[in-house]
Every structure is written in C-alpha cells, then in structure tokens.
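Down below is the structure, laid out as structure tokens.
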Amino acid sequence: MATEKTFYLETFGCQMNAHDSEKVIGTLQQQGYRQVESEEEAGLILYNTCSIRDKAEQKVFHRLNDYKRLHKQGKRFGVLGCVAQQEGEKIFEKAPYVSMVSGSASYRRLPEMLDRLEAGESRITGLNDRQTEETFETEFTARQNLHRGYITIIEGCDKFCSYCVVPYTRGKERSRGSSSVLAEARRIADQGYTEIQLLGQNVNSYRDPEGKSSFAELLAAVGQIEGIRRVRFTTSHPRDFTRDIVEAMDAVPTLCDHVHLPVQSGSTQVLKRMAREYTREWYLERISWIKAARRSISLSTDIIVGFPGETEEDFIQTMDLLAEVQYDCVFGFKYSARPNTPALVMIDSIPEQEKAHRLQVLLDRQREIQRVNYSRQIGEKIEVMVEGMNPARGQIAGRSSQNKPVNFTTKLPIAPAPGSYLQVKITGAFPNSLVGEAI
Ligand code: 5AD
Ligand code: SF4
C-alpha cells in the first residue's frame, strides 16, 4: 500500500516569506503532497524561517528541538528560508534529524530536492550563493487569502544596510519580467482577486529585465487591470523612491492610499553608519512629495533604536521626525547584531535596558500621534474591504485603502461576505483602528 505524502509547514518572518510559503505549498501539492494542520499528522515537517532579528532564529531552533522526538516515528524535517541560508550545513550539526536545508534563492530546485528526500537522502541542501540569477516563479501558488493576491516582482537585495542579513540570506537583487508579472496579475484578476500586493525586499528598486516598464509604470499597469480594485506594494526603499510613483498614485485610483517607507533613523549621522545612503533631508523630501499627492496618503515606517553609537541627540532627531511626518503606523525595533553584517564589528554600545527604554518612549509618542490622526477620521465615509467577523464584538472586520483596520456594524440581515467592499461611516477611533457603521 502506498503511504500518503503529507506535510506541515510553519512560516516565520515577513510578507515575502509568507508568499514564498504559498509557492512552496503549491509546489509540494504538485508533487503529490497533502498539507496537514499539525506536526503530528505530517510525514514531512517544514519551517520557513526568518533571521531578521535574533529572537527570530532562536524560535526556529526551539521549535525544532520541541519536535525532534517525532523523528523517531520516521518523520522528516526541512528548514527553509533565511535561517537555512544563513546557517547552511551547520543546521545538520545542531539538529541532526533535519534532512533538508534550503534558502529562498534555491526554491526553484525544490521538486528535485523533494525527489531526493523521498529516495532516502538525508543531507540535502539548496544553498545558492549570492550570485544566483534564479527566481522562483511558479504557476502552482497555493494562495491562502482568497481576495488579496501577492505577487513577487523582485527578489533579493543589493543595498547592504550595515545591520541587515537580507543581502546574505536572499541573494542578489533580481527583477522579474514585467510581462510575467502582468500575466500573473491578469490571471488572478480573472480568478476573482480584487486586491493585488506587489512584493519585494525593495519593491521600488524594480528594474524590468525586458526594459519595458519602470516600477511606477508597472504599478499603474497592474492598477488598470480589469477587476482590480486595490493595489498595494511593499517594501519601498527611500533611495529608489522616485516622484513618478506618486504621479502614478495620482493618476490611477486603484493604487491604495498608503506608502510604507522605512526611515530606520531620523539622524543623518546614524543613517550614514547604517549605510542607508540617504540623509534625513532626502527622506523628508520624498515624504513631502507623498504629502503633496491629490489624495491623503497614509504613511508607515520601520525604525531601529539603539544602533551602535546612537546618542541621545540622534534619538531625539528620530523623535522629531515622528512628530514631523505624522505616520499612521510605526514598526519599532531594538537593534540586534546579525551574523555576517558590517555593523557586527561596530561596538554595540547601547545597553539593552537603554534600547528598551528608547523603544518604549518612541512607541508611546507614536501611540499619541496615532490617537490624534485616527480620531480626525471620525465622520468620514470610507470604502472598506471586508476581511472577516470579529465575533467577540459582533463586528465586521475590514481594511481601508489606507490599510487601517476598520471594525463596523451593519443593519443588513446577513453579514457581508469577505472580499466585498462597503462604504462605512466612521464613528469612533482608537490608536490602531477605526470603528464605524456600514451605510
Ligand atoms: N536589528 C533590528 N532591526 C532590524 N531590522 C532589520 N535588521 C535589523 C537588525 N539587525 C528591521 C528594519 C527593517 C525591518 C524589516 O526590520 O527596521 O526595515
Ligand atoms: Fe526575515 Fe528578512 Fe528573511 Fe523576511 S527577508 S524572512 S524579514 S530575514
């Protein structure tokens, strides 16, 4: 009797990783595997890992350790993603029951790696070096969200910010041809998707290998596909944030009213040591372009506090920048030293306690900014895409074009279906969400 091939996959980390997992799942299904909900039920246990900050990889090793007893039952383990690429064959030493280790730049070879796994091999690696030109394009993406379709347009990173592992874990920057991107966008629009999110570590560093379109042109073209109502893109790098992106947003109404533009620090001195290749003024100029757009564009950012050598004065400049930009969302992180990165040799001079303190000060201030920003929207009528129910409150949960969570009630006898669009009148606000009533 042939035994059924089953797998369990857990994903850590960013949106890119989440979407990679959709492609990995599709590839496994194509190879005859069925996805199951727990490690216990699975023949093959996969972790798609992240290594952006130190706790991320610790989590993976803990998880591997927690489940190693299952190896005795004949289950196989595979480590995918950024920790896999970073630690490479060392994973086999740390966790000898792991049979497969593959970074994202080698996923194209997954079918072959799976064949070898099934043939009983135990130290299978997909560890392409930074020079690989391989991209992972597949028609077998197992999309987990029925309304928002993710599309990778650029993989890897060539920016080498001094704190960041990504250039080492995801390989060099390589863009996908615009015809292939547009074909995938049209295909999923035909399947009923109304929202598309274009993905890349530096999505706006996109360079069409076919030479047909700039990033802004591609964005506009995706936004003009029939059936598409919302287009998002993440993550943008200030270095490559050009004015034509804002012009495209002005011209194409389906491009969402939101830009995520990580600043990392408000101090030009710190930015320099981070190798971000822009100054505070350069960044703020891009913000002024976005603020001058015809629609009100919501801004969000990432900030690292406690980078080596960050003085109190540097930190105050970051706080001033928050006040000046008025973001609607800030992801704040304490600096953590990462393997292979240039910042590793800088003296990590800020005590952990001080990093934690700065982060708290930053997040508290930002919460106040958001409290004011969000409450300004009371009384507005906005379009919301329904995502699901919030049964505890009897509310419907959705998201605005600006990417803000909106919880609302409706007088309709039946709850609106996920994926539908409704006009909602905003009646209340919290620092992280809006409340309203469907009209
Ligand atoms: N330490 C802390 N935060 C980091 N990030 C990236 N690398 C590090 C690091 N070594 C943050 C940056 C980035 C986000 C995804 O994670 O703010 O934009
Ligand atoms: Fe984590 Fe960065 Fe890899 Fe995403 S690209 S999974 S954030 S290390």
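This chain uses plain numbering: 1 for the first residue, then up along the sequence. Both counts, for ligands and for their atoms, begin at 1 and track the order of listing.
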Proximity to ligand 2 by part of Q201, non-hydrogen separation under 4.0 Å: side chain

min-distance protein heavy atom vs atom 5 (S) of ligand 2 -> R170 NE, 2.9 Å

Which ligand 2 atoms does V166 reach within 4.0 Å, using its non-hydrogen atoms? 2 (Fe), 5 (S)

My understanding is that we take every heavy atom of each candidate and find the minimum distance to atom 18 (O) of ligand 1. Doing that for D302, D54, I304, T235, which one comes out nearest? D302

With a heavy-atom distance limit of 4.0 Å, tell me whether F333 approaches ligand 1 through its side chain, its backbone, both, or neither. side chain

Give the residue and atom name of whichever protein heavy atom lies nearest to atom 9 (C) of ligand 1, and the separation in Å to one decimal. S336 O, 3.6 Å

Which of the ligand 1 atoms, numbered from 1, are nearer than 4.0 Å to a heavy atom of R338: 10 (N)

Has K355 got a side-chain atom pairing as donor or acceptor with Y335's backbone, closer than 3.5 angstrom? yes

Give the residue and atom name of whichever protein heavy atom lies nearest to atom 17 (O) of ligand 1, and the separation in Å to one decimal. Q264 OE1, 2.7 Å

In terms of atom number and element, which parts of ligand 2 are under 4.0 angstrom from non-hydrogen atoms of C50? 1 (Fe), 6 (S), 7 (S), 8 (S)

Determine, using heavy atoms of G81 and all atoms of ligand 2, whether some pair is separated by less than 4.0 Å. no

Got a sec: does the CZ of R69 have more than 12 other heavy atoms crowding it under 6.0 Å? yes

Does any N, O or S atom in C82 come within less than 2.8 Å of atom 4 (Fe) of ligand 2? no

Looking at residues at least two apart in the chain, or sitting in another chain, which of them share a salt bridge (charged side-chain N to carboxylate O under 4.0 Å, His left out) with D257? R295

In terms of heavy-atom contacts, does CD of E281 have more than 12 from other residues, nucleotides or ligands at under 6.0 Å? yes

Quick one: look at K334 and ligand 1, take heavy-atom pairs under 4.0 Å, and tell me if it's side chain, backbone, both or neither. backbone

Identify whether the distance between the nearest side-chain nitrogen and carboxylate oxygen of E139 and R187 falls below 4.0 Å. no

Are any side-chain N or O atoms of R76 and backbone N or O atoms of L117, one a donor and one an acceptor, separated by less than 3.5 Å? yes

R186: which of V181, I225, I228 passes side-chain contact (heavy atoms from CB on, under 4.5 Å): I225

